[in-house]
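Beneath this line is the structure, given in structure tokens, with notes to follow.
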Amino acid sequence: MTKAIHMMIRVLEEKRSVDFYSAAFGLEVADRFPFDDFTLVYLRSPDADFEIELTINHDRKQPYALGDAYGHVAFVVNDLDKEHTRFEAKGLKPNPVKEFFRGGSLMARFFFVQDPDGYKIEVLQKHGRYR
């Protein structure tokens, strides 16, 4: 059996990223492992095992070039409109809510937000295949 356990992103500033993911998604530091040249920080929701691994390279001063290959990570929420309002109130600058239809039926309601390093994050209304 295969189970996805984490995704890794490289970030410039640990505190800034930890604060963002805590404010936006309630993720908490599950583990933190400092090494000579880098630090690994694992963020997890109390409700799920999947983690985001932040890699902070100590000598890095310039933002990472994300290129055109990175897509996004997605989170599902029970009340998209409430979350969008909460993101706005926290100054997280979410994009407007969008609706995506297929065959005349609602497939998804969502918005995107960017973390401090420019990674795109999709926030989806729990619906259909998005559970």
Side-chain angles (χ1 to χ4, degrees):
M1 180 174 142
T2 302
K3 177 183 174 184
I5 60 168
H6 73 256
M7 63 163 281
M8 184 278 282
I9 57 175
R10 296 183 192 282
V11 301
L12 205 54
E13 296 177 31
E14 179 180 341
K15 181 178 179 351
R16 181 178 72 167
S17 294
V18 168
D19 289 350
F20 171 84
Y21 284 97
S22 175
F25 303 107
L27 301 185
E28 301 169 356
V29 174
D31 278 308
R32 183 177 185 280
F33 301 105
F35 294 90
D36 290 341
D37 297 331
F38 63 94
T39 298
L40 301 178
V41 178
Y42 291 90
L43 304 177
R44 181 186 314 150
S45 165
D47 301 325
D49 291 336
F50 188 81
E51 296 176 321
I52 294 181
E53 174 189 296
L54 305 178
T55 297
I56 304 98
N57 291 309
H58 299 166
D59 62 349
R60 183 72 180 207
K61 303 294 181 233
Q62 298 292 72
Y64 289 94
L66 302 184
D68 58 4
Y70 174 78
H72 63 268
V73 64
F75 290 85
V76 66
V77 298
N78 288 322
D79 187 336
L80 188 73
D81 296 315
K82 181 178 176 182
E83 287 301 301
H84 192 271
T85 299
R86 187 178 69 80
F87 274 53
E88 286 179 323
K90 288 188 171 282
L92 300 175
K93 302 177 185 171
N95 290 346
V97 171
K98 304 271 185 181
E99 294 184 343
F100 189 57
F101 290 87
R102 181 170 167 85
S105 296
L106 179 67
M107 182 174 175
R109 288 187 76 237
F110 60 93
F111 65 86
F112 277 89
V113 65
Q114 284 187 300
D115 82 355
D117 290 276
Y119 292 103
K120 294 177 184 174
I121 304 162
E122 184 178 21
V123 183
L124 289 143
Q125 173 70 48
K126 194 178 279 188
H127 170 80
R129 76 170 321 278
Y130 306 109
R131 302 236 168 243

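With a 6.0 Å radius and a threshold of 12 heavy atoms from other residues, nucleotides or ligands, Arg131 has its CZ atom above the threshold. For CZ of Phe101, the number of neighbouring non-hydrogen atoms (other residues, nucleotides, ligands) closer than 6.0 Å is greater than 12.
Remark: His58 pairs with no residue by the ring pair (Phe, Tyr, Trp, His ring centres under 6.0 Å) rule, at least two apart or across chains. Scored by the side chain to side chain donor-acceptor pair (under 3.5 Å) test, Arg60 finds no partners at all (sequence neighbours excluded). In this structure Phe112 satisfies the side-chain contact (heavy atoms from CB on, under 4.5 Å) test together with His72, Asn95, Phe110, Lys120, Glu122, sequence neighbours excluded. With sequence neighbours excluded, no residue satisfies salt bridge (charged side-chain N to carboxylate O under 4.0 Å, His left out) with Glu53. For Tyr130, there are no ring pair (Phe, Tyr, Trp, His ring centres under 6.0 Å) partners, not counting sequence neighbours.
In the hydrophobic clustering of ILVMFWY residues, with side-chain heavy atoms under 4.5 Å counting as a link, Phe38 and Tyr64 come out apart. Note on Phe50 and Ile9: same hydrophobic cluster, where clusters join Ile, Leu, Val, Met, Phe, Trp and Tyr whose side-chain heavy atoms are under 4.5 Å apart, directly or indirectly. No single ILVMFWY cluster, assembled from side-chain heavy atoms under 4.5 Å apart, contains both Tyr42 and Ile121. In the hydrophobic clustering of ILVMFWY residues, with side-chain heavy atoms under 4.5 Å counting as a link, Met7 and Tyr119 come out together. There is a path of hydrophobic side-chain contacts, each under 4.5 Å, that joins Phe100 to Leu124.
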Result block: side-chain N/O donor-acceptor pairs under 3.5 angstrom for residues 75-82, not counting sequence neighbours:
| from | atom 1 | to | atom 2 | distance (Å) |
| --- | --- | --- | --- | --- |
| Asn78 | OD1 | Lys126 | NZ | 3.2 |
| Asp79 | OD1 | Asp81 | N | 3.3 |
| Asp79 | OD1 | Lys82 | N | 3.0 |
| Asp81 | OD1 | Arg109 | NH2 | 3.0 |

Let me have the donor-acceptor pairs involving side chains of residues 16-35, under 3.5 Å, with sequence neighbours excluded, atom names and distances please.
| from | atom 1 | to | atom 2 | distance (Å) |
| --- | --- | --- | --- | --- |
| Arg16 | NH2 | Asp117 | OD1 | 3.3 |
| Ser17 | OG | Glu13 | O | 3.3 |
| Ser17 | OG | Asp117 | OD2 | 3.2 |
| Asp19 | OD2 | Lys15 | NZ | 2.6 |
| Tyr21 | OH | Asp115 | OD2 | 2.7 |
| Arg32 | NE | Glu14 | OE1 | 3.4 |
| Arg32 | NE | Glu14 | OE2 | 2.6 |
| Arg32 | NH2 | Glu14 | OE1 | 3.0 |

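How far CG of Leu54 is from CZ of Arg10: 11.5 Å, rounded to the nearest 0.5 Å. Note that the CG atom of Asn57 and the CG atom of Leu12 stand 9.5 Å from one another [nearest 0.5 Å].
Scanning all heavy atoms of the two residues, the minimum distance from Phe87 to Pro94 falls at CB-CG, 3.7 Å.
Within the structure, salt bridge (charged side-chain N to carboxylate O under 4.0 Å, His left out) pairs that include any residue of residues 85-94 comprise Glu83-Arg86 (at least two apart or interchain).
For the side chain to side chain contact (heavy atoms under 4.5 Å, CB included) with Ser45, the qualifying choice from Asp47, Asp49, Leu43 is Asp47, the only one to do so.
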